[in-house]
Amino acid sequence: MQHDLRKIVKNFDRAQEEDQTAQFAAEHQLPYVNLVNYPFVGDVLGLIPEETANKFSIVAFMKIGQSLRVATSNPFNPELATTMNELGIKLDMKFEPFVCSPSSMDYALSRYPMIVQKAKDNSINTKPGESIENELKSLKDVQQAISTVSTTELLETIIGGATILDASDIHFEPMQDKVHVRFRVDGKLLPIFELPEKTYKPLSSRIMTSSKIKLDLKTVAQDGRMTVEVNGNPLDIRVNVLPSAYGQTIVLRLLNYKNFLTLDQLDFNDNAKAAMLEAVAKPEGLVLFTGPTGSGKTTSLYAVLQILNSNDRKIITIEDPVEYRIDGIEQIQINAADGFDFPQALRAVLRQDPNVIMVGEIRDKETAEIAVNAALTGHLVLSTLHTNSAAAAFARLLQMGVPKYLMADAIALVVAQRLVRKVCEVCRGSGCETCNMTGFKGRILISEYLKPDSEIIELIKREASLSEFQKHFAEAGGRSLLQDGLDKVAQGITTEEEVRSVTA
Ligand SMILES: [Zn+2]
C-alpha cells in the first residue's frame, strides 16, 4: 500500500487546527462547528453577500425557521457585532454565532461560486409559461417532442420529458455512430430515442459544464450536480460521467422530491411500521435497512429521519452522496478521494455529540465496528446493508468480522425491503398509454423485519451460519418478503411474477 506522507501530515495539522479551534470556542463559551466538507446549500450561504463574508470572515451555514446559524473564524473583530446586527434586521432573522477554524472558513468561502453556478443553471428552465406537463402526457408525446425540438432546447425537453414520465434516471449511452437515450421508470430502463453523434457532443458538454464536471478529463469517471427549474420548481440532478469506448456515458439521477416520502406514505405493513417506530423511539441501538441497490433503502432512511427531526435531537448524516437536503439536519458528504471516507467521517461525527447518526451504507468492517460501538454508547444509528434478507444481516456482520459480543447488544432491528411494480390502475395490466404499454405503473414496497430475541443473541454468540439465522426467522413466525408480496398479489396490487423476481 502506498502512503502519501504529505497527506498524513496535512491531516495531522488539520486535526490539530480543529482541536485548537474547538478549545478556543469552549474557553469563550461559544459553540464550535467544523465546516470542512460541509454540504452548503446555496440558498443559505447566499444570505450573506460574498463581499461581507470575505471582509468579516463570516458565513451562514444553517437556517432553522427564523434563526440563522453563522460561523466566523474571527469572533473578536470589533466591527462584527454591528455587521451581524444590521444583517439580522435586514434579513429579519436571529443570528446564532458559531466559531470555526480558518480552514473551515476557506472551505465555506470556496463554495460561493456554487451560488453563481446555480443562477446560471436556471437558464435550464422548462418554461413555466408553456408548462410542458400540459402538452405532453405519454411516452409517445415525449418522444415526439424530443425528436422535433431544436438542439438548444434539447436538454430542457429531455429533462422535462423524464419528469413527466416519472423517470428516476436519464442514461446517455454512446454507441459507434449514435447515442442511445434511455429513461429508468419504475426501476426498468425504457428506450426513448437515439441521438446522432454530432448532436450529442454539444449536449454532453452542456451537461458537464452545468454540473461543474471537467470537460478535459476524458479518461476518468466524474461526479457533479446541477439544479434546474422544472415548471417553476427546483430539481436537483446528480450527474455521473464515465468514459466508454465511443465517448462519455452520462447518467443523470433526478432527485425528485416526489420520491421523498413520509413513513406513512411508504407501504410497510402495520407490524413492520410498529417495530420501526418502537426501535427508533429508543435513544440507542442500530437499525438496519437491507436489500439490493434500488430497493428503496435510502427512501426509508429519510422517512425515519423525518420522524426523528426535532429541535431537541442532534442528527448528523454521513452520505455518499448527499441526495436530499433536510432542514435542521447536518448532512456530511464523504469524499473518499481525499481520504474522508465512511470510517473517518463517522469518527469525526461522533466527536460532535449527536443523538442520531445516519450512515449511508455499511460496506466494511471498520465502519461496521464504529457504528456498532456508537449504537452501544448512547446513539441511535441508522444505516443500510447489502443483504438479501433480514436474517442475512446478522450473518453478514459476523462475516465482516464485527465482534459478536458487541453485535448481540447493539442491533435493535433489521428491515429487509424490495420494490415491486404495481399493476396499472387504468388498464389493469393489459397495457395502455398511461403505463407505456407495460401494464405496470408505479411501485410498491414489500418488507420483512427481524427484531433480535434471546435466540438470535444465542446464534450471534456462537457465530451461527446464514441458514441457521434464516431457519430461526421462519420458525419464530417471521413473515417473509415473499409472504408480504403475495399478500399484495392477493389484493391485486402486483403480480406473483413481479414478487418472485425480486425475492428469488
Ligand atoms: Zn395501463
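Whatever order the structure lists ligands and atoms in, that order sets their numbers, starting from 1.
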Note to self: Check whether R418 reaches the backbone of N388 with its side chain - one donor and one acceptor, N or O, closer than 3.5 Å.
What the structure shows: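 Looks like yes, one N/O pair under 3.5 Å.
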Checklist line | V280: side-chain contact (heavy atoms from CB on, under 4.5 Å) partners, not counting sequence neighbours | finding: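 V280 satisfies side-chain contact (heavy atoms from CB on, under 4.5 Å) with V287, V304, L308, L380, L382 only.
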Notebook entry, point to check: Does the distance from a Lys or Arg side-chain N to an Asp or Glu carboxylate O, for K178 and E197, drop under 4.0 Å?
Noted result: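 No, no charged N to carboxylate O under 4.0 Å.
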For residues 270-278, tabulate all N or O donor-acceptor pairs below 3.5 Å that involve a side-chain atom, not counting sequence neighbours.
unit_1 : atom_1 : unit_2 : atom_2 : d
K273   : NZ     : D264   : OD1    : 3.1
E278   : OE1    : K451   : NZ     : 3.4
E278   : OE2    : K451   : NZ     : 3.4

Check: Do the rings of F394 and F469 sit parallel, tilted or perpendicular, given the 30° and 60° boundaries?
Finding: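 Rings of F394 and F469: parallel, as their planes differ by under 30°.
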Notebook entry, point to check: What are the protein N/O/S atoms, named by residue and atom, that sit under 2.8 Å from the Zn ion (ligand 1)?
Noted result: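 Within the sphere that stays under 2.8 Å of the Zn ion (ligand 1), the protein atoms of type N, O or S are C424 SG, C427 SG, C432 SG, C435 SG.
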Indicate every side-chain donor-acceptor pair of residues 436-444 with a distance under 3.5 Å to a residue at least two apart or in another chain.
unit_1 : atom_1 : unit_2 : atom_2 : d
T438   : OG1    : C435   : O      : 2.6
T438   : OG1    : F440   : N      : 3.2
T438   : OG1    : F440   : O      : 3.1

